[in-house]
Amino acid sequence: MCSLALFPPPPAPGDITLYEVNNSLVCGRLHEQLTFQNQLADLPVLSLPKETLKAHSRLEHSTQPAFIHHRESLWKGCLSAWRDVGLCGVLKEIASAEEEGLQWVKTGSRYLLAVCHWLSSLHGSLFPHLSLTSEDMIAAFSQAVDWAGCTIRAFAWHPHTSKFAVALLDDSIRVYNSNSATIPSLKHRLQRNVAAMAWKPLCASILAVACQSCVLVWHLDPTSLSTRPSSGCAQVLSYPGHSPVTSLAWAPSGELLLSASPVNTAMLVWDVSTENCVQLQWFGGGGVTYLAWSPDGSKVLAAAPSAVFRVWEAQMWTCERWPTIKGRCQTGCWSPDGSRLLFTVLGASVIYSLSFSEYRGEMQGQVGGSKTASIVADLSETTFETLYGEERIGGEIHSMVWDPTGERLAVIIRGHADVPESQTVIAVFRTRNSPVFELLPCGFLRGECGAQPQLIAFHPCFKKGALLTVCWSTGKISHIPFFFMSAHVPCTSSSPSPVIASTSVCE
Amino acid sequence: MSVVILVISIFNVEFYAVVPSIPCSRLALIGKIIHPQQVIHSVVHAVMGMLVAWCAAVMTKGKFQFLAVPCTPSESLDDAVPQMCLNEHHLFFLLSGAFMGYSYSLLYLINNMNYLPFPVIQQYKYLRFRRALPLLVKHTCVESLYFVRNFCVAYYFFGYIPKVWISTTMDLRIDSKLHPLDTLTGLLDLSLFYHAWLCGVFLLITWYIAWLLFKIYATETHHFPVQPTFAEETDQCLPKILNSNPPLIIKFLALQDLMLLSQYSPVRRQEVFSLSQPGGHPHNWTAISRECLSLLNDLTQRLIAQQEAAAANGRAKQPAGELKVSPQTPGALVTEDMSFQSQRSNIAPRASMSSLVKSSFMPLKTSPGSDVGSPFSSPALSCKMGILDVNSPWHGSVRSPQVTRRGPKLWTSGSDLQMNGSHHESFPLLSAAGVGSEAVQPRVIYTWLQNKQQQIKNFLSKRVLIMYFFSKHPEASIQAVFSDAQMHIWALEGLSHLVAASFTEDQFGVVQTTLPAILNTLLTLQEVVDRHFKLPHVSSKPPRISGSLVDTSYKTLRFALRASLKTALYRITTVFGEHLNAVQVSTEHKKRLQQFLEYKE
């Protein structure tokens with residue numbers, strides 16, 4: 001088992017982690033980073049400070065306050081309330097009616113309203129997260145450390161090219177491409193409180209965005225020079241009772257999209273091209289907060305807001321239920337071959353590992369998980385004695401990513417909120433999956449002074465090793481390469497050469 | 001009851017279809033309703049509905065139980081013999097059952113409920129059933145409510161007819177003490193309404209459950225062996241079934257199985273890539289790939305035909321003056337050499353279509369029998385045979401009724417106009433060309449007849465009512481073109497997954513021999529589909545689908561096809577990467593492939 005005590009001490013304050021070479025992390029000053037970044041493939045290093053973003057011009061989401069209040073008859077009011085809010089709205093409308101008479105109707109609706117409130121509070125006491133407002137709920141379940149306060153709310157690399165999307169505090173999304181200078185900025189009426197984004201695999205430019213009320217699917221033209229694609233390019237996928245959406249996952253084969261909401265007990269499987277959806281219902285757990293599809297496409301992790309998570313098998317869609325002891329599953333990631341799942345739970349500063357029998361396709365409808373999860377790393381608080389003083393690092397794990405070669409694992413460790421010295425850091429592990437699973441310490445990453453890591457993501461196709469992209473709380477996005485020779489070389493030698501035989505044998 | 005369910009199930013089995021039939025105009029819809037088969041369907045459903053209602057009436061007891069009840073004794077006790085009176089409540093119940101049966105049958109037709117939609121994801125039968133159950137109950141309750149309401153209205157207006165008829169034939173009296181039911185006060189009976197609604201819910205739920213179970217069982221995945229283990233199983237293995245012409249449902253299941261095996265099962269993929277034991281021929285792969293490619297080529301041909309029809313409509317809609325300025329002026333045609341060169345020059349202005357022509361010819365050679373659907377092939381063939389070579393694209397469309405009737409036309413009136421135009425032109429051409437007059441004579445009469453026919457059609461098409469019945473809904477005709485696209489989607493997915501897997505799993509290189517053909521087909525189809533979505537009247541976004549019980553996924557199949565086509569191409573290009581540059585494809589397609597490799601499509 002790996003623990004933080006085995007880690008090399010964190011870099012000196014003021015230094016910035018630049019890259020990894022020869023199994024050691026290299027730190028340096030800011031200007032060194034600038035010169036170094038130029039050598040790296042032309043990936044944009046961005047700085048998106050909070051001040052430049054235009055805040056909401058209006059706080060209210062409806063246009064109602066802009067109009068003079070007009071008194072309408074009770075009947076009309078009820079009708080519009082029914083359209084807007086539903087039954088509860090009608091009851092409220094009747095209860096607050098000023099008309100004389102109808103006294104018994106008013107008292108009746110008041111009682112009914114009270115019963116409704118009581119019922120909903122009962123439901124809320126079973127699943128406390130249901131009493132949160134939708135923004136608080138997104139903030140609680142998002143993979144970003146400080147979703148509500150930071151400029152960058154979500155980040156997504158394109159699975160095949162050097163292109164990424166960044167969701168910002170002002171509800172816009174910018175798409176950066178290393179090969180082109182145009183930076184499309186996506187805005188939509190329904191694009192509010194973005195919690196997650198995902199690029200469609202095996203596709204040039206389709207981006208799914210999890211918003212407060214729906215899932216938006218942007219169809220961007222990669223050759224277009226427009227910086228402001230119209231909202232007609234966006235497909236709206238909404239389903240009653242399925243909001244806010246906090247997590248999305250595309251099937252690696254590119255056909256299906258999964259969406260999850262902490263309010264809805266069902267996760268939805270979307271056939272995006274036809275906008276059809278299938279509900280995968282499982283009662284218990286109260287909702288789905290986080291989804292992760294294994295890179296080989298065989299399994300899906302679905303975390304719930306209560307102390308349970310499930311692993312679905314993606315062919316016949318059956319699931320295995322995993323109750324956890326401490327709290328809900330906060331984050332998880334799959335090994336590249338889909339045979340191992342690492343996950344963390346809230347309230348425990350350890351990483352668990354769960355291995356699955358190798359997927360063959362013959363065992364239909366079986367997930368094939370091992371009986372128990374094992375602890376592979378202990379990240380509880382440790383004090384490091386450095387030349388510049390003591391540093392205390394450790395705590396709960398907020399998010400975790402595994403690089404596509406399966407050799408590096410990056411983890412955001414969140415400090416305790418009540419201890420001022422403890423800080424949020426990124427720890428990087430060296431990993432090996434076969435023949436035996438191994439987790440070795442690599443080091444801590446440090447950003448600029450005062451910058452806390454917000455989001456991390458690995459570049460999906462970096463040739464010389466792995467490339468970690470870190471979004472910092474200052475609004476800066478930096479890329480940290482890890483140079484190594486991957487043992488996981490794709491076996492092209494065994495495959496037949498693509499030269500075409502001039503005459504076919506069979507015809 | 002069991003008899004009813006049995007009969008309904010038999011009808012479900014008899015009427016199912018994997019390809020929905022979409023009526024293109026209102027007349028076609030009416031034609032479908034009065035089709036004898038549908039009439040039998042409706043009548044049997046009405047009878048069954050009546051039977052169920054009778055069962056329900058007997059079960060409820062009370063005032064609904066018998067058709068004939070003793071009359072309420074009148075004040076004067078003169079009649080010693082109690083007379084039998086008609087129980088109108090019972091009659092109302094029976095008729096409502098029949099009405100619901102008929103309405104169900106009508107909705108069954110209109111909503112294409114005989115269409116078997118295949119599920120997006122595979123799930124166990126029980127789970128699928130459980131998932132659909134709440135929706136089914138809700139749908140039934142609402143629909144039953146509507147049916148009862150409609151029936152009440154119908155009974156209010158026509159209720160006296162069956163009442164009088166029954167009472168006269170069965171010699172029953174009408175009780176004057178009770179309220180007659182075909183009045184407003186009679187129909188406002190809440191208990192009657194509730195019972196009728198409950199009976200409707202009962203009836204519809206049993207029928208819908210039977211329908212749902214049938215749907216689930218029929219679309220369940222079936223496992224076809226790739227290689228026969230015993231000699232007698234040869235007919236049931238996948239390549240054999242794909243290449244023969246089984247009932248469509250079996251073909252669909254086979255293609256679905258192909259898609260699943262290509263995606264999930266390395267062992268079965270290995271069987272596909274294997275060589276036959278004596279001889280070493282890749283029979284399995286050849287059979288599968290050939291069938292998939294011919295399916296996709298068929299679709300390409302059909303789309304080209306449809307686009308050609310649409311383009312012709314567009315041109316014909318321009319004022320008649322512009323028609324004369326088309327490339328084939330009579331003067332140019334007097335020249336003797338009406339060989340391939342002049343034809344080339346005539347086609348050349350339609351540069352947009354030329355690439356399609358080329359590419360559609362290539363597969364023609366490989367797949368005989370598929371050449372009937374293409375209007376492009378007709379000028380070429382007539383050229384070779386030397387018949388009346390007017391070598392105009394217009395002329396191609398003169399003879400195209402046979403062709404375009406097969407593929408749905410867009411606007412009838414539009415294509416009629418276009419035909420007229422072409423005939424006016426073909427007269428001087430024929431005389432100028434100076435072909436033997438004996439050959440021309442029957443042709444002239446024929447064209448004259450056709451001309452008259454067109455004039456009549458034109459005359460009729462100006463009348464509003466007839467237009468209302470004959471006009472084709474553009475959306476419906478587009479849906480009709482793509483009605484069996486599910487097959488093509490599976491073929492695409494199966495093929496692309498197999499090709500992608502072959503990069504590492506194909507030991508003998510059997511896939512490489514067909515790789516250029518596959519790429520060629522896919523790219524051509526991609527080009528045609530792109531062009532299709534640029535046509536006028538073609539929306540680029542699927543319509544909103546409300547989550548109802550009745551599946552309307554056949555309406556959006558074309559969007560699914562477009563998406564899976566692109567994904568299929570990307571799947572191949574992502575796996576093969578730069579190696580694709582070594583594959584022999586035309587330069588145009590090479591350019592396209594390069595765009596796919598750079599993720600710029």
Side-chain angles (χ1 to χ4, degrees), chain A residues 158-161 163 179 200-206 219 221-223 232 235-236 239-240 253-256 266 269-281 297-298 314-318 359-362 364-365 490-492 494-507, chain B residues 119-124 127 130-131 260-261 263-268 280-283 285-286 493 497 502-510 512-516 541-542 544-545 547 553 556-557 559-564 566-568 570-571 574 576 579-580 582-584 596 598-601:
Chain A
H158 189 277
H160 306 293
T161 54
K163 178 156 72 175
N179 302 327
K200 181 178 175 178
L202 297 178
C203 191
S205 229
I206 292 184
H219 294 251
D221 184 4
T223 53
Q235 232 177 326
V236 182
Y239 190 84
S253 62
E255 274 126 18
L256 302 171
V269 184
W270 291 96
D271 183 3
V272 172
S273 55
T274 59
E275 299 189 6
N276 272 328
C277 79
V278 177
Q279 290 191 66
L280 288 175
Q281 194 88 35
S298 61
Q315 190 184 352
M316 295 303 286
W317 293 99
T318 52
Y359 187 71
R360 290 241 173 266
E362 310 319 320
Q364 286 203 341
C491 39
T492 42
S494 66
S495 76
S497 70
V499 180
I500 304 301
S502 52
T503 53
S504 59
V505 189
C506 49
E507 283 171 1
Chain B
V120 178
I121 55 172
Q122 309 304 316
Q123 262 187 311
Y124 286 109
L127 292 174
R130 199 186 66 180
R131 187 154 53 79
L260 290 174
L261 88 89
Q263 197 169 354
Y264 295 114
S265 172
V267 178
R268 295 178 69 198
H281 294 291
H283 286 307
W285 166 251
T286 322
E493 285 182 5
H497 272 120
S502 78
F503 191 75
T504 50
E505 290 177 14
D506 179 11
Q507 296 168 354
F508 309 108
V510 294
Q512 286 169 37
T513 52
T514 34
L515 191 55
K541 275 188 177 179
R544 301 291 307 155
I545 298 170
S553 57
T556 49
L557 275 177
F559 303 104
L561 180 83
R562 179 175 61 169
S564 63
K566 218 163 228 186
T567 311
Y570 269 117
R571 190 170 292 135
T574 312
F576 280 81
H579 298 300
L580 280 182
V583 179
Q584 289 163 337
F596 272 101
E598 288 166 5
Y599 292 94
K600 283 196 171 158
E601 259 307 311

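In the text below, chain A, chain B and the rest are named by the order of the sequence lines, each starting its count at 1.
Of the listed residues A:C277, A:P201, A:P222, A:A204, the one with more heavy-atom pairs under 4.5 angstrom with chain B than any other is A:A204. Between chain B and the options A:A266, A:G254, A:S273, heavy-atom pairs under 4.5 Å are most frequent for A:S273.
You'll find the side chain of B:I121 reaches within 4.5 Å of the side chain of A:L280, heavy atoms only. In this structure the side chain of A:E255 reaches within 4.5 angstrom of the side chain of B:Q263, judged on heavy atoms.
Of the inter-residue distances, the one linking A:Q315 atom CD with B:Y264 atom OH reads 5.5 Å to the nearest 0.5 angstrom. With values rounded to the nearest 0.5 angstrom, A:T161 atom OG1 is found 10.0 Å from B:K600 atom NZ.
In terms of heavy atoms, B:T574 sits closest to A:L202 at OG1-CD2, 3.5 Å. Pairing each heavy atom of A:K200 with each of B:A563, the nearest pair is NZ-CB, 4.5 Å. Across B:Y124 and A:T318, no two heavy atoms sit closer than the pair CE1-CG2, 3.5 Å.
When atom types are taken as modelled, the side chain of B:R571 and the backbone of A:S253 share a donor-acceptor pair closer than 3.5 angstrom.
In this structure, chain B has no heavy atom under 4.5 Å from any part of A:K163. Only the side chain of B:R131 comes within contact range of chain A, judged by heavy atoms closer than 4.5 Å. Both the backbone and the side chain of B:T567 come within less than 4.5 Å of a heavy atom in chain A. For A:I206, no part lies near chain B; criterion is any non-hydrogen pair under 4.5 Å.
Ring geometry for B:Y599 versus A:H160: interplanar angle under 30°, hence parallel rather than tilted (30 to 60°).
The salt bridge (Lys or Arg N to Asp or Glu O under 4.0 Å) search around B:E493 returns none, not counting sequence neighbours.
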